[in-house]
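Working notes for the structure below.
Since we're looking at a predicted model, the values are computed, not measured. Letters A, B, ... are given to chains in the order of the sequence lines, protein chains preceding strands, and every chain is numbered from 1.
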Amino acid sequence: MPEGHTIHRLARDHRPLLVGQQVRITSPQGKFAAGAALLDGRTCLRIEPYGKHLWYLFEGDLSLHVHLGLYGKWNGGGGPPRLSMTTGSARLELRGPTACEVHTTADRRAVLQRLGPDPLRRTDDGHRAAERIARSRTAIGQLLMDQSVLAGVGNVYRAEVLFRARQSPFTPGRDVTTWDAMWLDLRALMRQGVRDNRIVTTGARRPVRREDAHWVYRRAGEACRVCGTPVRTEVMAGRNLFWCPTDQAPDG
DNA sequence: GCAAAATGTCAAG
DNA sequence: TTGACCTTTTGCA
């Protein structure tokens, strides 16, 4: 399930299958029938991931925009897929996405414009995010989830990067002094996530048991791995936040 | 076997 | 802030 690392991994896996190929596109489930007809038979030119968004660019200024949301999946589950892409040798099926639509270049630009820097893009830097954070009274735990501040970070990386920086989620952005460290850490963690196709932040050795993969995420009530204090949880930005009240105590 | 939750977003009120 | 949407997994009977 998808935070930014999943999307970048999909792009990496799909490139050798689709780029340079003429692609047969259909909508067995019917909901994307018109879009599929528009794209069907075109050659895929490139695949571009950005944050949690994924674009398959085709000849003729049209692209397929996919956002997996919470449940979307390529090549999993049963029943008729929303979208099917086939070449001579590959078959990809998309089920349960939040977004599956045809974009023009202008549509794609409009989405990109609303997104903050993506830690997984080599040329992005954290400066734009740093400025937003430094100006804001909003809690850092909320800012990290805002895709216009930072693209690709979701609920797991939020909890884990805050813990690794020993940063309280409740500190207002303008008072945060750990941003540079968190940006660098996100780059490393998310790259690792692309390699593993999975989020592991504890440095646990493979094979990593599920209960050893995270410091605090989904560990409410369990002992903090560092200090033993029970991990706490509370809804922030509409999602369950997890943190250690001792290691991530607010300053002062 | 079913209810609830889940790595997400948007639009309505 | 809430509800809607989409699907799979988890936890409790």
Side-chain angles (χ1 to χ4, degrees), chain A residues 1-11 27-33 35 49-55 64-84 92-101 103 107-108 110-116 118-120 138-139 141-164 169 185-186 189-202 208-222 231 233-243:
Chain A
M1 334 247 145
E3 292 191 25
H5 69 296
T6 305
I7 307 310
H8 284 255
R9 175 58 181 252
L10 283 167
S27 176
Q29 184 206 64
K31 279 193 191 170
F32 185 61
Y50 200 118
K52 299 171 191 169
H53 297 259
L54 185 53
W55 284 272
L64 172 70
H65 174 232
V66 172
H67 193 299
L68 293 179
L70 204 44
Y71 317 115
K73 226 177 207 174
W74 281 102
N75 290 356
R82 172 84 50 95
L83 170 83
S84 148
L92 299 174
E93 295 185 334
L94 175 65
R95 290 180 176 81
T98 287
C100 170
E101 56 196 2
H103 270 187
D107 295 328
R108 187 162 46 87
V111 174
L112 290 173
Q113 210 148 34
R114 305 195 312 256
L115 297 176
D118 177 348
L120 283 173
T138 304
Q142 291 209 34
L143 292 170
L144 290 180
M145 296 288 278
D146 182 339
Q147 300 295 299
S148 72
V149 173
L150 195 60
V153 170
N155 204 25
V156 180
Y157 282 124
R158 159 173 80 166
E160 295 296 297
V161 79
L162 286 168
F163 179 85
R164 287 168 56 102
D185 199 31
L186 279 172
L189 282 178
M190 292 175 77
R191 267 182 217 166
Q192 183 71 44
V194 173
R195 279 193 289 275
D196 297 346
N197 209 2
R198 179 181 176 188
I199 300 177
V200 176
T201 60
T202 53
V208 181
R209 294 179 300 170
R210 196 178 48 201
E211 58 268 32
D212 293 336
H214 310 131
W215 291 105
V216 289
Y217 177 72
R218 287 256 253 166
R219 296 192 68 245
E222 294 175 52
V231 172
T233 186
E234 174 177 308
V235 173
M236 180 190 279
R239 318 299 304 281
N240 293 318
L241 168 70
F242 302 87
W243 81 101

Taking the P atom of each, how far is B/dA4 from C/dA4, in whole Å?
15 Å
By ring-ring contact (aromatic ring centres under 6.0 Å, His included), A/W215 pairs with (sequence neighbours left out) A/F163
A/G78 near the nucleic acid: base, sugar-phosphate alone, or nothing, with a heavy-atom cut-off under 4.0 Å?
sugar-phosphate
Considering only the C1' atoms, how many Å lie between C/dG3 and B/dA5, rounded to the nearest integer?
16 Å
So what does A/R198 hit on the nucleic acid, given a heavy-atom distance under 4.0 Å: a base, only sugar-phosphate, or nothing?
nothing
So, OP1 or OP2 of B/dT9: does either fall under 4.0 Å of a side-chain N or O from A/H67?
yes
How is A/R210 classified with respect to the nucleic acid when contacts are heavy atoms under 4.0 Å: base, sugar-phosphate, or nothing?
sugar-phosphate
State whether A/N240 places a side-chain N or O below 4.0 Å from either non-bridging phosphate oxygen (OP1 or OP2) of B/dA6.
yes
Do A/V66 and A/L10 have side-chain heavy atoms sitting under 4.5 Å apart?
no
Among side-chain atoms of A/D196 and A/Q192, is any donor-acceptor pair under 3.5 angstrom?
yes
Can you name the residues that form a side chain to side chain donor-acceptor pair (under 3.5 Å) with A/R218, not counting sequence neighbours?
none
Under the ring-ring contact (aromatic ring centres under 6.0 Å, His included) rule, collect the residues that match up with A/H53, sequence neighbours excluded.
A/W55, A/H65, A/H67
Using only side-chain N and O atoms of A/K52, determine if any of them is under 4.0 Å from OP1 or OP2 of B/dT9.
yes
note: A/H65, atom NE2; B/dT9, atom C1'; distance rounded to Å ~ 11 Å
Any protein N or O atoms within reach of nucleotides 2-6 of chain C? Criterion: under 3.5 Å, listing atom names and distances.
residue, atom, partner, partner atom, Å
C/dC6, OP1, A/K31, NZ, 3.0
C/dC6, N3, A/Y71, OH, 3.4
C/dC6, N4, A/Y71, OH, 2.9

Integer-rounded Å distance: C/dG11 P and A/E211 CD
11 Å
Once you apply a heavy-atom cut-off of 4.0 Å, does A/R239 come out as touching a base, just sugar-phosphate, or nothing?
base
Without decimals, in angstroms, what is the distance between A/R218 CZ and C/dT9 P?
13 Å
Under 3.5 Å, side chain of A/R95 to main-chain N/O of A/G79, donor-acceptor pair present?
yes
A/L186 atom CG is separated from B/dT7 atom C1', nearest whole Å, by 14 Å
Report the distance from atom CG of A/L10 to atom P of B/dT7, rounded to the nearest whole Å.
19 Å
Could you state the CG-P distance from A/L189 to B/dT7, rounded to the nearest angstrom?
17 Å
With sequence neighbours left out, write down each residue that passes side chain to side chain donor-acceptor pair (under 3.5 Å) with A/Q29, or none if nothing qualifies.
A/R82
Sequence neighbours left out, what passes salt bridge (Lys or Arg N to Asp or Glu O under 4.0 Å) with A/R209? Give chain and number order.
A/E211, A/D212
Spacing between A/H5 atom NE2 and B/dT7 atom P, to the nearest angstrom:
13 Å
Please state how far atom CG in A/L115 lies from atom P in B/dG8, giving the value in whole angstrom units.
14 Å
Could you work out the separation of C/dT8 and B/dC10 based on their P atoms and round it to a whole Å?
22 Å
